[in-house]
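These notes are about the structure you will find just below.
Scope of the values below: all heavy atoms of this structure, side chains included, with no hydrogens, waters or symmetry mates.
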Amino acid sequence: MKILVTGGTGYIGSHTVVELQQSGYEVVIADNLCNSNAGVLDGIARITGVRPAFEELDLTEGEKVRELFARHRDIGAVIHFAALKAVGESVQKPLEYYRNNLNSLMNVLASMRECGVKHLVFSSSCTVYGQADVLPVTEQTPRKPAESPYGNTKTMCEDILRDVAKVEQGMNLLALRYFNPIGAHPSACIGELPNGVPNNLIPYLTQTVAGIREQLSVFGDDYHTPDGSAIRDYIDVVDLARAHVVAIRRLMEGKNKANYEYFNIGTGNGLSVLELIRAFERATGEKVNYKIVGRRAGDIEQVWADTTLANRELGWKAEVPIEETLANAWKWQKHLME
């Protein structure tokens, strides 16, 4: 069975490609390389022994998406990662985020319908919950108005999936609401490698420890949390990747209970930014040079998951301890400097 992975050279996408290939699936990647590079394909091949097929294209261009599906008529399912994803940047560039994130999904769905492809797993986010009134958040927690254009695109994409599922009865659509993916593959062959200055915490932290960045900024120490820094649910990227494999299998085996489903994918535990820094120092023996700065636009105070539904329905559970995750992130950074 061939799986189309959009955004498959990106951070989460590349780890998911590895897990898919190791589970026996054939993979074709579609990516425009706007926040990744084709060298990731070499890393995937080193881990799995198989170099996935790769198509470089912009999924916001509908005709190119149709041509992609025409070239790969044996696609059986899609995992859709391709999206711009930096919260702070989305506040500064809302039009770019709406154009990219919405149009790419709609083009993929349109081509799926034309070609009779029935199954899609969508890369969603806990940002759809906003600052929840009650923690941890479950799938029944009401969605709130997004704190950023990025978060709003995820809410809007989920609405698109819900509405399409109502009328396209043959389609089975599933959204995974990620919490905060971190870490790298334990082989150090692939990991998080954003183009330019990182927008995410861990690559900025590891680049700071490596001397590439002068200092890590911790955005805010005046939140209503035990140490004043924001709290998130940090999940190992390989655990997250494995969730996509079981989600695809659920759809293809007809075990889904509705045409549109959604699940929280996290650890069920919240860690503050300062706690995460201390955990990194324990795991690696390295000291992190950081400073406290003002809050960042678009950030919420705290969120972590209740993963009971995903644990039960998907048969999936996060397993990698946080210290191992952080050690793998540092191992990846050191590999990049070799």
Side-chain angles (χ1 to χ4, degrees), residues 9-15 18 35-37 39-40 42-43 46-47 85-89 178-223 225-241 266-267 269-296 298-299 302 304 318-338:
T9 57
Y11 175 43
I12 304 170
S14 60
H15 288 80
V18 165
N35 195 35
S36 61
N37 68 79
V40 171
D42 297 328
R46 284 195 296 273
I47 298 169
K85 63 180 183 64
V87 170
E89 181 184 61
Y178 311 160
F179 281 68
N180 286 69
I182 60 172
H185 195 272
S187 68
C189 291
I190 57 173
E192 189 168 9
L193 182 61
N195 293 338
V197 179
N199 285 298
N200 290 345
L201 172 60
I202 293 301
Y204 205 107
L205 184 156
T206 58
Q207 289 186 19
T208 299
V209 175
I212 299 168
R213 307 293 166 193
E214 181 180 351
Q215 196 170 47
L216 173 69
S217 294
V218 174
F219 296 104
D221 65 348
D222 57 349
Y223 287 108
T225 62
D227 63 20
S229 64
I231 290 176
R232 297 290 184 270
D233 186 336
Y234 296 99
I235 178 171
D236 188 275
V237 67
V238 175
D239 275 337
L240 176 57
T267 67
N269 298 306
L271 278 179
S272 75
V273 175
L274 293 177
E275 286 176 326
L276 192 73
I277 290 172
R278 290 193 289 272
F280 179 89
E281 292 177 337
R282 289 195 304 272
T284 65
E286 302 288 341
K287 189 70 176 174
V288 180
N289 179 27
Y290 71 89
K291 64 178 178 180
I292 306 295
V293 299
R295 297 185 186 189
R296 182 174 58 180
D299 280 346
Q302 53 185 323
W304 66 92
E319 297 176 349
V320 183
I322 188 65
E323 289 81 7
E324 183 177 334
T325 297
L326 294 169
N328 285 335
W330 180 233
K331 183 180 178 182
W332 163 245
Q333 181 64 57
K334 291 191 291 184
H335 166 75
L336 293 174
M337 298 185 296
E338 292 175 353

About how many Å separate [atom2] of [Y] and [atom1] of [X], when rounded to the nearest 0.5 Å?
X      : Y      : atom1 : atom2 : value
Asp239 : Ile182 : CG    : CD1   : 10.5 Å
Ile292 : Ser229 : CD1   : OG    : 7.0 Å
Asn180 : Leu240 : CG    : CG    : 10.5 Å
Leu276 : Ile322 : CG    : CD1   : 5.5 Å
Asp299 : Tyr223 : CG    : OH    : 5.0 Å

Please report the closest heavy-atom contact between [X] and [Y], naming both atoms and the distance.
X      : Y      : answer
Lys291 : Gln215 : CD-OE1, 2.9 Å
Phe179 : Pro181 : O-CD, 3.2 Å
Pro226 : Ile231 : CD-CD1, 4.1 Å
Ser272 : Asp227 : OG-OD2, 2.6 Å
Ser217 : Val293 : CB-CG2, 3.8 Å
Thr9   : Ser36  : OG1-OG, 2.7 Å

Does Glu275 have any salt bridge (Lys or Arg N to Asp or Glu O under 4.0 Å) partners at least two apart in sequence or in another chain, and if so, which? none
The salt bridge (Lys or Arg N to Asp or Glu O under 4.0 Å) partners of Glu281 (sequence neighbours excluded) come to Lys287
Enumerate the salt bridge (Lys or Arg N to Asp or Glu O under 4.0 Å) contacts for residues 201-222, please, sequence neighbours excluded, ordered by first and then second residue. Asp222-Arg295
Would you say Asp233 and Thr267 are linked by a side-chain donor-acceptor pair, where the criterion is simply a distance under 3.5 Å? yes
Any sub-3.5 Å donor-acceptor pair from Asn35's side-chain atoms to Pro194's backbone N or O? no
Do the side chain of His15 and the main chain of His185 share a donor and acceptor less than 3.5 angstrom apart? yes
For Phe219, is the CZ atom crowded, meaning more than 12 foreign heavy atoms sit under 6.0 Å from it? yes
Does any non-hydrogen side-chain atom of [Y] lie less than 4.5 Å from one of [X]?
X      : Y      : answer
Val237 : Tyr11  : yes
Val197 : Tyr204 : yes
Tyr290 : Val273 : no
Leu216 : Leu201 : yes

Using distance only, find each side-chain donor-acceptor pair of residues 325-334 under 3.5 Å and give its atom names and separation, not counting sequence neighbours.
from   : atom 1 : to     : atom 2 : distance (Å)
Thr325 : OG1    : Asp236 : OD2    : 2.7
Thr325 : OG1    : Pro321 : O      : 3.2
Asn328 : ND2    : Glu324 : O      : 3.4
Lys331 : NZ     : Pro186 : O      : 2.7
Trp332 : NE1    : Glu192 : O      : 3.0
Gln333 : OE1    : Thr206 : OG1    : 3.0

Applying side chain to side chain contact (heavy atoms under 4.5 Å, CB included), can you list everything that pairs with Asp42, at least two apart in sequence or on another chain? Arg46, Arg51
Using the test ring-ring contact (aromatic ring centres under 6.0 Å, His included), find all partners of Tyr234 that sit at least two apart in sequence or belong to another chain. none
